[in-house]
Amino acid sequence: MPELPEVQTVVNDLDAAGLTGRRVLAADVSWPRTVRGMTPEEFAAAIAGRRFEALGRRAKWITADLSEDYTLLIHLRMSGRLHFTAPEEPRSKHEHVALTLDDGRELRFHDTRKFGRVILTREPREILGKLGVEPLGADFDLKTFEALLAGRSRMIKALLFDQEIVAGLGNIYIDEALWEAKLHPSRRADTLTSAELKRLYKAIPLVLRRGLKNLGTTLGTGKTTFYSVAGRRGGNKEDLRVFRRTGEACPRCGETVVRLVLAQRSTHVCPRCQAAPD
DNA sequence: GCCCTTTCCTGGAAGC
DNA sequence: TGCTTCCAGGAAAGGG
């Protein structure tokens, strides 16, 4: 499941592969819902001739500034992947968008579960403008973080999922950050003490930077796990403390890690380090 | 306004 | 072993 570290890894890899500066000659869309907001024909007509000018990331969106004020926004959601191929390479049934580039390669969007989105727009702020603070950005300070959570009665795990509050977190890094901060995920945000908020504020960038350094988290070997460009696996799985470690010993205290379901998501906690609320 | 549920999809695990 | 059922997951839409 690509979250902030995985998406940033893909952006870095696309850049290293020389996507910036390339021009799109043609596009083919085989699953229309992927290019939300346009028909496949409109998408192909609008992107043809556009040049990739800059690559970036906002929350879990890959952002590509194109020529003539277009922006290409790519969200990998659960299972999206990007890779370069030769045009004659047969198209897999999960490759829903193919961009023919002016250097003889194709950039293909592969998405087993079809939740991903490839959006071409001249108004990226309609999508990116409502996103919350970047947890690795300069704007993420303790006062901002406290203000974002102040007066919220929802459980902290559900709030951290909300992309309009802190942008880029998902199930893996939320569980890891809450473990680092020794907070139970079902704690209501407005019950956190200032010391607890400070621990969480420090834990979020810590686990994201660790994930980024390891080039993301790849779980298992299936068609739905994370792979970066050129099929490279991320190495962060070995560095996870509790996520998908049900039944194993907590690396801090030795208690057995348990799995529960909160906010409709599997959740992993150390019952000793992360005391449940009453 | 806030919060919870449902929907979108398919592969793969679990159950029989 | 082989078939069927169910679950995972992010975000947006819908409902209370």
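Residue numbering restarts at 1 for every chain, and letters A, B, ... go by the order of the sequence lines. Note: hydrogens, waters and symmetry copies are ignored here, and every other heavy atom, side chains too, is used. On a predicted model such as this, the values are computed, not experimentally measured, just so you know.
Taking Ile, Leu, Val, Met, Phe, Trp and Tyr as hydrophobic and joining them when side-chain heavy atoms fall under 4.5 Å apart, one finds A/Leu128 in a cluster with A/Trp61, A/Leu73, A/Ile119, A/Ile127, A/Leu131.
Among the heavy atoms of the strands lying under 4.0 Å from A/Arg259 are primed sugar atoms or P, OP1, OP2 only; no base atom is included. If you check every strand for non-hydrogen atoms under 4.0 Å, A/Ser153 touches sugar and phosphate atoms only.
Side-chain contact check for A/His184 and A/Ser186: at least one donor-acceptor pair (N or O, by modelled atom type) lies under 3.5 Å. A donor atom on one side chain and an acceptor atom on the other are found under 3.5 Å apart for A/Tyr227 and A/Arg233.
Where A/Lys93 and A/Arg265 each meet DNA chain B at their nearest nucleotide, the meeting point lying more 5' is that of A/Arg265.
Picking from C/dG9, C/dA11, C/dA8 the nucleotide with the shortest atom distance to the side chain of A/Gln163 gives C/dA11.
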Task: side-chain contact (heavy atoms from CB on, under 4.5 Å) between A/Glu248 and A/Thr256, worked out - done: CA-CA 5 Å; A/Glu248 296 181 34; A/Thr256 304; over 6 Å; no
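Put simply, CD1 on A/Ile165 is 16 Å from P on C/dG10, counting in whole angstrom units. Nucleotide C/dG10 holds its P atom 15 Å from the CH2 atom of A/Trp61, rounded to whole Å. Protein atom CD1 of A/Ile174 is 8 Å distant from nucleotide atom P of C/dG10, rounded to whole Å. Between the C1' atom of C/dG10 and the CD1 atom of A/Ile172 lies a distance of 12 Å, rounded to the nearest Å. We find that CD of A/Glu6 is positioned 13 Å from C1' of C/dG9, with the value rounded to whole Å. When the C1' atom of C/dA11 is taken as reference, atom CG of A/Asn171 falls 14 Å away, rounded to whole Å. Atom-to-atom, CD of A/Glu164 to P of C/dA12 comes out at 8 Å; the value is rounded to the nearest Å. Summarising the geometry, the separation between CZ on A/Phe161 and P on C/dA12 is reported as 14 Å, rounded to the nearest angstrom.
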Please set out all donor-acceptor pairs under 3.5 angstrom arising from side-chain atoms of residues 148-160 of chain A, sequence neighbours excluded.
from: A/Lys157; atom 1: NZ; to: A/Asn171; atom 2: OD1; distance (Å): 2.7
from: A/Lys157; atom 1: NZ; to: A/Asp175; atom 2: OD1; distance (Å): 2.6
from: A/Lys157; atom 1: NZ; to: A/Ser266; atom 2: O; distance (Å): 3.4
from: A/Lys157; atom 1: NZ; to: A/Thr267; atom 2: OG1; distance (Å): 2.9

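Less than 4.0 Å separates DNA chain B from at least one heavy atom of each of the following residues of residues 106-128 of chain A: A/Thr112, A/Arg113, A/Lys114, A/Phe115.
In this view, A/Asp28 and A/Arg91 satisfy the salt bridge (charged side-chain N to carboxylate O under 4.0 Å, His left out) rule, not counting sequence neighbours.
The residues A/Asp13 and A/Arg232 are annotated as salt-bridged, a charged nitrogen and a carboxylate oxygen being separated by less than 4.0 angstrom.
For the helix from B/dC2-C/dG16 to B/dC16-C/dG2, the axis fitted to the five pairs at one end and the axis fitted to the five pairs at the other end meet at an angle of 60° (nearest 10 degrees).
For the pair A/His75 and C/dA11, the criterion of a side-chain N or O lying under 4.0 Å from OP1 or OP2 is met.
Residue A/Arg77 places no side-chain atom within donor-acceptor reach of the base of C/dG9, judged by atom type and a 3.5 Å distance cut-off alone.
Nearest heavy-atom pair, A/Leu169 versus A/Glu3, reported as atom, atom and distance to 0.1 Å: C-OE1, 3.8 Å.
For the side-chain hydrogen bond (donor to acceptor under 3.5 Å, both in side chains) test with A/His83, the passing option among A/Glu95, A/Arg108, A/Glu106, A/His110 is A/Glu95; the others fail. The only member of A/Thr218, A/Thr9, A/Thr217 that meets side-chain hydrogen bond (donor to acceptor under 3.5 Å, both in side chains) when paired with A/Asn236 is A/Thr217.
One distance of note links CZ of A/Phe109 with OG of A/Ser30; it measures 11.0 Å at 0.5 Å rounding.
Taking the six-membered ring where tryptophan is involved, the planes of A/Tyr201 and A/Phe145 are tilted, since the angle between them lies from 30° to 60°.
A nucleotide of DNA chain B counts as in contact with chain A when one of its atoms lies under 4.0 Å from a heavy atom; the first and last such, 5' to 3', are B/dC3 to B/dG12.
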